[in-house]
**Student:** 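To start, I am sharing the structure in question, which I have written as structure tokens.
Every value quoted in this text rests on a predicted model; they were computed, and no experiment measured them. Heavy-atom basis, side chains included; hydrogens, waters and symmetry copies ignored. Numbers here simply count residues along the sequence, with the first being 1.
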Amino acid sequence: MLGNAEQILRQSVAGFHQYVLTQPVHLEYVSDGFCALMGLPREQLLNGQNDSLSALVHPADREVYGQFLKTMGKKPASDTLQFRIVKPEGQICYVQTAMTSQRLPDGTMIANATLTDITQLKLETQNLQYLNDTMPCGFLKYTCQRHPRITYMNDQMRKILGFPRYFSQVSAQEAYQGSIYWMIPLEERRKMARYLNRVYTSDAPIAGEITVMRYDGRKAHLFGWVTKCLNEQGVEEFQSACMDITDRYEAKKRSQTTQYLQALTDVYDLILQYDCSNNTAKCLYGQKSMVFRWLENISLQMEEVLDKWIGQEVCEEDRQAVRQFVQSFCKNRQQGSGNQPWQIDYHEITPQGSILPYKGLFLKIDDTLSWFCCRQVPSQAEEESLRSENRILKENMQDLVMHFTDGLAAFELRDGFVTPLYVSDNVCEFFGFSKEEWMPMMQKRTPIQEFVAHSDAAYEEFLSLLQNGQAEFTYFDLKTQKERRIKAVCSQKTDSPSVRYVMLYNMEEPSRQIGEKSRETSVFIRTFGYFDVFVGEKPIAFRNKKSKELLALLVDRRGGYVTSEEAIAFLWEEEPINTVTLARYRKVALRLKNILEEYGISHIVESVDGKRRLVTEKVQCDLYDHLSGKSQGFKGSYLTNYSWGETTLAELSGDLLGTS
């Protein structure tokens with residue numbers, strides 16, 4: 001029946017065999033490869049009466065295989081099937097048959113088929129399926145075309161993307177029209193294209209974060225890897241494994257937003273949040289507003305918020321313009337010209353009837369939220385007074401330098417860079433440099449932020465000095481080993497506006513010598529409510545917030561030692577422990593030591609090998625009195641200044657509930 005092709009089939013076609021599908025179904029021909037795969041001689045397989053192959057099929061697969069043969073025997077067809085066979089020695093193998101049936105002139109149905117051992121491939125697939133079921137990673141395969149087409153998406157990836165359970169892999173792929181770019185928001189597609197181009201050209205995997213669109217239109221934030229490899233057909237493809245970090249991303253974003261809001265409250269009088277998608281608004285900060293002081297963080301309809309604010313605080317002649325400004329922004333939600341925020345100038349009326357100029361602007365926070373921030377604009381009289389002071393300074397610079405011995409510095413400001421020109425010997429420390437360090441800096445330009453970073457002054461305070469002409473600072477004087485409070489007045493050089501002079505004035509009365517004790521040496525520490533330390537009846541006026549917080553941390557540890565690393569983790573929660581934060585911490589610790597020495601109570605803190613602790617027996621503390629049972633002063637608040645105090649607060653609250 002096979003004629004001259006028999007030799008070719010034996011040598012070239014894996015597991016070739018021929019069936020007679022008309023009853024009784026049996027094997028008509030088997031190749032050498034088929035016999036080797038079955039582990040049986042040809043004579044035993046070709047008995048002409050029984051289907052010897054069906055007898056070797058795994059019991060769990062026999063019904064499916066029998067139905068397959070029955071279907072192929074009804075009419076000419078081609079099909080494939082995967083099943084298991086059990087060899088005579090008991091070994092189980094996974095095989096795949098490809099069969100084509102035909103009808104002979106006499107009506108007999110025969111089929112030519114091949115049989116391939118796929119055991120190794122099946123085991124690898126099972127391992128992949130195990131990883132798919134147990135690993136919380138999404139897995140994608142997509143082509144290396146210009147518009148990469150998705151070819152595979154595992155169950156976890158479909159779960160991350162929010163597909164319903166009944167969605168098959170094919171349906172999920174079709175939801176993104178087959179292309180990986182339909183999964184990526186428009187603003188992120190160029191970033192994704194750069195990723196893929198780098199992977200393809202460098203032949204090396206890369207890792208990173210990307211935003212994707214879920215099936216329901218919400219955004220998810222993923223961290224993952226992209227690599228290029230060859231698929232089973234030897235064709236190049238991209239593969240990605242990724243994790244859903246949306247919750248962590250949102251938590252970080254909330255923390256950053258909170259910090260941003262805190263910074264804005266130092267500048268603006270009123271901050272309103274507008275949610276244009278839900279047509280709602282609420283006041284985030286309004287301590288200076290008579291309308292919103294008691295309505296912070298309460299969502300209201302946008303029109304209601306507008307009515308309350310405009311109707312009671314905006315001058316009548318500006319009300320219509322302000323209303324149209326807000327409504328126009330919420331309708332368009334686009335940046336102003338030149339990518340600048342939307343801004344408006346208007347006037348507000350005070351409860352006393354005064355009319356003050358105000359400036360407001362919208363800051364876009366995300367796709368749906370924007371903040372409207374407004375503040376009072378300094379009056380012309382105040383600006384003229386400042387200009388007059390600077391003019392007098394320029395005219396009498398030499399006399400001022402001779403009269404006030406606190407010092408003088410001059411530097412050039414241009415395009416965000418600083419070039420120091422001159423500094424008197426006694427004020428180098430204010431800028432955080434020694435005289436030796438200052439001299440080389442006069443030969444180069446330094447970014448303003450880097451220049452200010454050496455000083456104890458905050459960057460915002462330094463900008464305030466440049467913009468407003470004056471500011472007050474606290475810095476550590478290395479010569480006297482004490483903190484000093486000074487006033488800095490900045491003025492421009494008449495013939496060169498980019499050159500600035502800074503005059504420094506001592507703002508303090510002569511203080512005690514280091515180590516001089518106060519008349520009252522008793523120390524009382526208050527932790528219930530806001531943290532404060534009293535020497536006798538006098539509270540310590542900490543000039544640095546972090547040094548005060550460090551002492552609060554030592555109090556919270558109740559006499560236990562605190563290492564530098566532990567302190568940094570509390571004082572700068574969002575920053576890693578490195579040489580920068582360690583240097584910053586040492587400066588804070590030195591400030592704490594100096595302020596305690598100034599008040600004559602340095603003995604209450606003990607330092608050993610860089611670790612510090614509070615000597616509890618040398619202080620009186622409401623926390624310690626409460627824990628020892630001497631008093632019951634706890635009323636539900638503890639170290640209100642510091643969020644890390646919540647752990648002890650929970651402990652105290654539990655005790656309070658247990659005794660109530």
**Student:** Using a strict 4.0 Å threshold on nitrogen-to-oxygen distance, state whether E575 and R584 make a salt bridge.
**Tutor:** yes
**Student:** According to the salt bridge (Lys or Arg N to Asp or Glu O under 4.0 Å) rule, which pairs have a member within residues 53-63, sequence neighbours left out?
**Tutor:** D61-R84
**Student:** Got a donor-acceptor contact below 3.5 angstrom from the D32 side chain to the G15 backbone?
**Tutor:** no
**Student:** Anything under 3.5 Å between a donor and an acceptor, one on a side chain of residues 233-243, the other on a protein residue two or more places apart or in another chain? List them.
**Tutor:**
{"residue": "E236", "atom": "OE1", "partner": "Y200", "partner atom": "OH", "Å": "2.8"}
{"residue": "E237", "atom": "OE2", "partner": "Q239", "partner atom": "NE2", "Å": "2.8"}
{"residue": "S240", "atom": "OG", "partner": "Y142", "partner atom": "OH", "Å": "2.5"}

**Student:** Checking the side chain of E250 only, and the main-chain atoms of D247 only, is there a donor and an acceptor separated by less than 3.5 Å?
**Tutor:** no
**Student:** Supply the atom-to-atom distance R586 CZ to T581 OG1, rounded to the nearest 0.5 angstrom.
**Tutor:** 9.5 Å
**Student:** Using a strict cut-off of less than 4.0 Å between a Lys/Arg side-chain nitrogen and an Asp/Glu carboxylate oxygen, indicate whether E303 and R323 qualify as a salt bridge.
**Tutor:** yes
**Student:** Between V20, L53, L45, which is the residue that forms a side-chain contact (heavy atoms from CB on, under 4.5 Å) with H26?
**Tutor:** V20
**Student:** Quick one: do the Q96 and Q82 side chains pair a donor with an acceptor below 3.5 Å?
**Tutor:** yes
**Student:** Give the minimum heavy-atom separation between K75 and S101, together with the two atoms involved.
**Tutor:** O-OG, 3.2 Å
**Student:** Looking just at side-chain N and O atoms, do D51 and Y19 make a donor-acceptor pair shorter than 3.5 Å?
**Tutor:** yes
**Student:** For Q324, give me all partners under side chain to side chain donor-acceptor pair (under 3.5 Å), at least two apart in sequence or on another chain.
**Tutor:** none
**Student:** Taking the six-membered ring for Trp and the single ring otherwise, decide whether the centroids of F570 and W572 are under 6.0 Å apart.
**Tutor:** no
**Student:** Has the side chain of D244 got a donor or acceptor atom that lies under 3.5 Å from a matching backbone atom of L222?
**Tutor:** no
**Student:** Between M213 and I184, what is the shortest heavy-atom contact and its length?
**Tutor:** CG-C, 4.4 Å
**Student:** Have D117 and T119 got a donor and an acceptor in their side chains that come within less than 3.5 Å?
**Tutor:** yes
**Student:** May I ask you to say whether R218 pairs ionically with D216, meaning some side-chain N is under 4.0 Å from a carboxylate O?
**Tutor:** yes
**Student:** Taking atom types as modelled, is there a side-chain donor on H147 or S179 under 3.5 Å from an acceptor on the other?
**Tutor:** no
**Student:** Would you please say whether a donor-acceptor pair under 3.5 Å links the side chains of T648 and D556?
**Tutor:** yes
